[in-house]
Amino acid sequence: MRADLLTSVLTELNGTSADIEASAVISPDGLMMASVLPVGLDEDRVGAMSAAMLSLGDRIADELARGTLEQVLIKGDKGYIVMTHGGPDAVLTVLAKPNAKLGLIFLDVKRAAESIIDIV
Amino acid sequence: MNKIYTGEDRRGFSTTHTNEIKLVVVGNVGSGKTTGINAVSEIPVIGTEAAASEREALRRKPTTTVAMEYGLLQMQRTKIHLYGTPGQRRFDFMASILCKGAAGMIVMIDNGHDAPLTELDYFLKLHGKFLNENPGLVAVTHFDDTRTRTGLLDYHSYAIEKGFSIPVMKVDARVATDVRNVLTKLLIEIIKRRTAPVVNQHG
């Protein structure tokens, strides 16, 4: 039930922009709660890596006095990875194309994160 | 005598100057990696704990490490940077990242596990390359667990059977002196390896 709701949020998120290629909701300890991923991406790896990265981001933001973490952004030559908290009990990870309009992506991701907070 | 060991050579080990060294702690879920680092670190440990949602992890504790831990301490004129890894298998990629540049490894095994030797085997295989090139040590925890039947000798002969000549020690991860003993033993292994005369292969 909850997984279905989360999947519908992700499907909607992926539909808002052609630049968003994949998205997933993960528990803070790295277990997949819902995902809309292309074939070939290993759910478990995406989950574990997202949880590790976001928890490191949390600590770094705190240690270096940047306040509460809002998002982690990774840029590679083949695209972006955006990670953000969906409340204290969920992590939202989004994969986007290299030419994506980041401002729009951030906005869509923020909206989706708010919906996830309501569900989780 | 000391002269052999002193000097600026980074590969050597100085007995008069402060050395710096990176050590990494690996091991199965709930074996006490986080507890051990917290017991000996002289700085507040930088950690990444998340609420554990799996039963295997919940058996012993409410939270689990998801990325890494970092602690720092000084002993034997050596500054030890201590890195802890997550115990759950899906985070194994973090362990290989954290092993970069490390001088030694502590493999912590929970003796109360249903099959502790299988766990030891997993980590010996996963870090086999590292352990072949660098000194390591097996630290067995949870010896007060009443269900325990595996003894230190079992671990030792198992490791030898798998081709690893590696010291095995019993440790209570909650006790700082216990963990410091393990670190001292590993330091000795590292110093031995670094100051050993180069053997002429044709000799």
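As a basis for the values below, the full set of heavy atoms in this structure was taken, side chains included, without hydrogen atoms, waters or symmetry mates. As the structure is a computational prediction, the values presented were derived from the model and not from experiment. Throughout, a chain's letter reflects where its sequence line sits, starting with A, and its residues are numbered from 1.
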Max heavy-atom pairs within cutoff under 4.5 Å with chain A, candidates B/Glu49, B/Arg90, B/Met68, goes to B/Arg90
(Q) Given the ring of A/Phe106, does A/Arg111 sit roughly above its face, with NZ or CZ under 6.0 Å from the centre of the six-membered ring and within 45° of the axis? (A) no
Q: Would you confirm whether B/Thr141, through its side chain, and B/Ile109, through its main-chain N or O, come within 3.5 Å as a donor-acceptor pair?
A: yes
Max heavy-atom pairs within cutoff under 4.5 Å with chain B, candidates A/Leu31, A/Asp58, A/Asp44, goes to A/Leu31
Please determine whether a side-chain nitrogen of the Lys or Arg among B/Lys185 and B/Glu189 lies less than 4.0 Å from a carboxylate oxygen of the Asp or Glu.
yes
Any chance you could lay out the side chain to side chain donor-acceptor pair (under 3.5 Å) test for A/Ser23 and A/Asn14, step after step, and finish with the verdict?
-> CA-CA 7 Å; A/Ser23 59; A/Asn14 290 17; 2.7 Å; yes
Item to complete: Validate the cation-pi geometry between B/Lys22 and B/Tyr83: distance from NZ or CZ to the six-membered ring centre under 6.0 Å, angle to the ring axis within 45°.
Response: yes
Okay, A/Met49 and chain B: the region with an atom under 4.5 Å from a heavy atom over there is both
Assert top hit (heavy-atom pairs under 4.5 Å, partner chain A, pool B/Ile46, B/Asp92, B/Thr65) equals B/Ile46
Looking only at A/Leu56, A/Asp89, A/Asp62, A/Leu54, most heavy-atom pairs under 4.5 Å shared with chain B are made by A/Leu56
